Amino acid sequence: MHDADLTPVTVLTGFLGSGKTTLLNHLVRQPAMRDSLVVINEFGDIGLDHRLVAKGDEHSVVEMSSGCLCCTIRGDLSRSVQQAREAIEREGGRPISRMLIETTGLADPAPILHTLMTDHWLAQRFRLDGVVCLVDAANGLSTLNAHRESQRQAAIADRLLLTKTDLVDEEQLSRLACQLATINPAAEQLQVRHGELAAEHVIGGGLPAQGRRADHWLRAASYAQVSPPAGISPPTQGALISMMTPDSSPTLTRHGEQIRSFCFTVEHLIEPEVLEDWLDLLMSLLGEKILRVKAIVKIAGREQPLALHGVQNIFHPPVTLPTEACPDGVSRFVFITNGVAPEAVTRLFEYFQAPQSQEVSRPS
């Protein structure tokens, strides 16, 4: 099945008290959300949030209250969605047009994205459309300072929705916006009042059909730019292993983690085996630290570029784009990581790019 034929999925995340339920109440009533399946994830044995979410016409709301979707019950996501689809079909309802998954306030959304890509049943029917993160303007700065989960939620989001902005002054709001831009420079920031926001600002954040607005999806210009080192010999296996070995006592940022993001550019065509070997080893060694990867790649022997999207050590099947999606022929890889230095990415690429690397065994 072509990627454009898959049902789009939006993951709605945000720390405790950020206003996800209030936003959902407004979203499910809007025409753009017609025939949507909303999966509400709750933490604890007794679910409460489903009582606070309005059921709009032609919508299905599925409650998952047996645990936190990011860990204990993510294996149940596939079964819950299958059961919901079967129930809709039995009742003669229209097919699901899109799915929206609400995470708990304490959830790291990366494992949920991972599940969407690795579960066979889900991957054959759904595609990630985008990650939307709500940030409480009144408590956002202190939450980012104190909680690892909130940093990761903001780091991998495609859009950041600032809620409760009426409770803060312009100076506090500006400081929060600047900090969020440091963590995630490419994410669009929108202010939300009392949960009221057009659904179009929440959905539709993924790679458009036929690759239209591919540059908007990648937003490569928002990131620090790095390129393969010029005039430097490829690293030895020993140097690579040293580079890829996590620091036992890393220097943390003021927010507790080393959330880093950058855009790696390659101006020449990339041989397919170089791309495969490079990404395979990179994800094998550093997968848990690579929160998200987006790329538009020009490969030798292919006229059309490819769009790549990965989460941790898993990549979604590549999507073929029209030629105009990469008019300058430059491949661009956006990395959002937890403490991965750009040098580790670029030097590993050079290891496989160099002709002599074909005669050297892969680092173990």
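Only a predicted model underlies this, so the values are computations on that prediction, with no experimental measurement involved.
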Quiz item: For D166 and R193, what are the C-alpha separation, side-chain angles and deciding distance, and is it a side-chain contact (heavy atoms from CB on, under 4.5 Å)?
Solution: CA-CA 7 Å; D166 55 318; R193 294 292 183 95; 3.9 Å; yes

Quiz item: Going through the distances and angles, do V81 and M99 end up as a side-chain contact (heavy atoms from CB on, under 4.5 Å)?
Solution: CA-CA 9 Å; V81 176; M99 181 162 64; 3.7 Å; yes

Quiz item: Does the pair L306 and I299 meet the rule for a side-chain contact (heavy atoms from CB on, under 4.5 Å), with working shown?
Solution: CA-CA 8 Å; L306 294 179; I299 298 177; 3.5 Å; yes

Quiz item: Yes or no on ring-ring contact (aromatic ring centres under 6.0 Å, His included) for F352 and W278, after CA distance, side-chain angles and deciding distance?
Solution: CA-CA 6 Å; F352 287 109; W278 170 56; 8.8 Å; no

Practice problem: Quick one: do V9 and L116 satisfy side-chain contact (heavy atoms from CB on, under 4.5 Å)? Show the steps, please. | Solution: CA-CA 9 Å; V9 180; L116 289 171; 4.0 Å; yes

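Here the side chains of T165 and V192 are not in contact, with every heavy-atom distance at 4.5 Å or above. Side chains of I290 and V293 form a contact here, defined as non-hydrogen atoms less than 4.5 Å apart. Side-chain contact between I112 and T103 is present, with at least one heavy-atom pair separated by less than 4.5 Å. By the 4.5 Å heavy-atom criterion applied to side chains, F349 and F333 are not counted as neighbours. Two residues are said to be in side-chain contact when any heavy atoms from C-beta on lie closer than 4.5 Å; V334 and R219 fail this criterion. For the pair L291/F335, no side-chain contact is recorded, criterion being any heavy-atom separation below 4.5 Å from C-beta on. At a threshold of 4.5 Å between non-hydrogen side-chain atoms, the residues L100 and S36 do not count as touching. In this structure, the side chains of Q225 and T265 come closer than 4.5 Å at one or more pairs of heavy atoms.
Listed for the N184 side chain is a donor-acceptor partner under 3.5 Å among the backbone atoms of A157. Put simply, the side chain of Q30 gets close to the backbone of L197: a donor and an acceptor are under 3.5 Å apart. Between the Q189 side chain and the R159 main chain, no donor and acceptor come within less than 3.5 Å of each other. Judged purely by atom type and a 3.5 angstrom limit, N145 uses its side chain to pair as donor or acceptor with the backbone of L141. Between the side chain of Q172 and the backbone N or O of A138 there is at least one donor-acceptor pair closer than 3.5 Å. Using modelled atom types, no side-chain atom of S174 and backbone atom of E171 make a donor-acceptor pair closer than 3.5 Å. Judged by distance alone, with hydrogens and angles left aside, the side-chain atoms of N338 form no donor-acceptor pair with the main-chain N or O of I259 at under 3.5 Å. E149 places no side-chain N or O within 3.5 Å of a backbone atom of D108 that could act as its donor or acceptor partner. T13 contributes no side-chain N or O that, together with a main-chain N or O of Q153, makes up a donor-acceptor pair within less than 3.5 Å. H316 places no side-chain N or O within 3.5 Å of a backbone atom of V311 that could act as its donor or acceptor partner.
With sequence neighbours left out, K298 forms a side-chain hydrogen bond (donor to acceptor under 3.5 Å, both in side chains) with no residue at all. With sequence neighbours left out, the side-chain hydrogen bond (donor to acceptor under 3.5 Å, both in side chains) criterion links R175 to no other residue. Qualifying side-chain hydrogen bond (donor to acceptor under 3.5 Å, both in side chains) partners for Q82, counting only residues two or more places apart in sequence or in other chains: S78.
Sorted by first and then second residue, the salt bridge (Lys or Arg N to Asp or Glu O under 4.0 Å) pairs with a member in residues 7-19 form an empty list; sequence neighbours excluded. For residues 310-321, no pair satisfies salt bridge (Lys or Arg N to Asp or Glu O under 4.0 Å), with sequence neighbours left out. Among pairs with a residue in residues 312-335, those fulfilling salt bridge (Lys or Arg N to Asp or Glu O under 4.0 Å) read D328-R332, at least two apart in sequence or across chains.
For the pair I296 and C326, the tightest heavy-atom approach, listed with the atom from each and the gap, is CG2-CB, 4.1 Å. Shortest non-hydrogen contact noted between A123 and M117 is CB-O, 3.8 Å. Between G17 and D136, the shortest heavy-atom distance links the atoms O-OD2, 3.9 Å. L27 and M33 get closest at one heavy-atom pair: O-CG, 3.2 Å. Among all heavy-atom pairs drawn from Y223 and A186, the shortest one is OH-CB, 3.2 Å. Closest non-hydrogen pair, A137 versus L173, comes out as CB-CD1, 4.2 Å.
Remark: L37 CG to I96 CD1 distance equals 4.5 Å, nearest 0.5 Å. The structure places CD1 of I101 at 8.5 Å from OG1 of T115, a figure rounded to the nearest 0.5 Å. In this structure, CZ in R94 is found 4.5 Å from CG in D35, a value given to the nearest 0.5 Å. Remark: I183 CD1 to C133 SG distance equals 9.5 Å, nearest 0.5 Å. Distance check: L12 CG to L161 CG gives 7.5 Å after rounding to the nearest 0.5 Å. Between the CG atom of L269 and the OG atom of S331 there is a distance of 7.5 Å, given to the nearest 0.5 Å.
For E267, the CD atom counts as loosely surrounded, since its 6.0 Å shell holds 12 or fewer non-hydrogen atoms of other residues, nucleotides or ligands.
Residues S150 and T143 bring no donor and acceptor atom of their side chains to less than 3.5 Å of each other. Counting only N and O atoms by type, the side chains of R98 and T7 include no donor and acceptor under 3.5 Å apart. No hydrogens or angles considered: nothing links the side chains of T163 and S18 as a donor-acceptor pair under 3.5 Å. Of the N and O atoms on the side chains of R302 and T320, at least one donor lies less than 3.5 Å from an acceptor on the other residue.
H309 pairs with exactly one of R292, K294, R127 by the side chain to side chain donor-acceptor pair (under 3.5 Å) rule, that one being R292. A side chain to side chain contact (heavy atoms under 4.5 Å, CB included) with T10 is found for exactly one of V131, D158, V132, namely V132.
Residues V297 and V330 fall into different hydrophobic clusters, defined by Ile, Leu, Val, Met, Phe, Trp and Tyr side chains chained together at heavy-atom separations under 4.5 Å. In terms of hydrophobic clustering, with Ile, Leu, Val, Met, Phe, Trp and Tyr side chains grouped at heavy-atom distances under 4.5 Å, L134 and L167 are assigned to different clusters.
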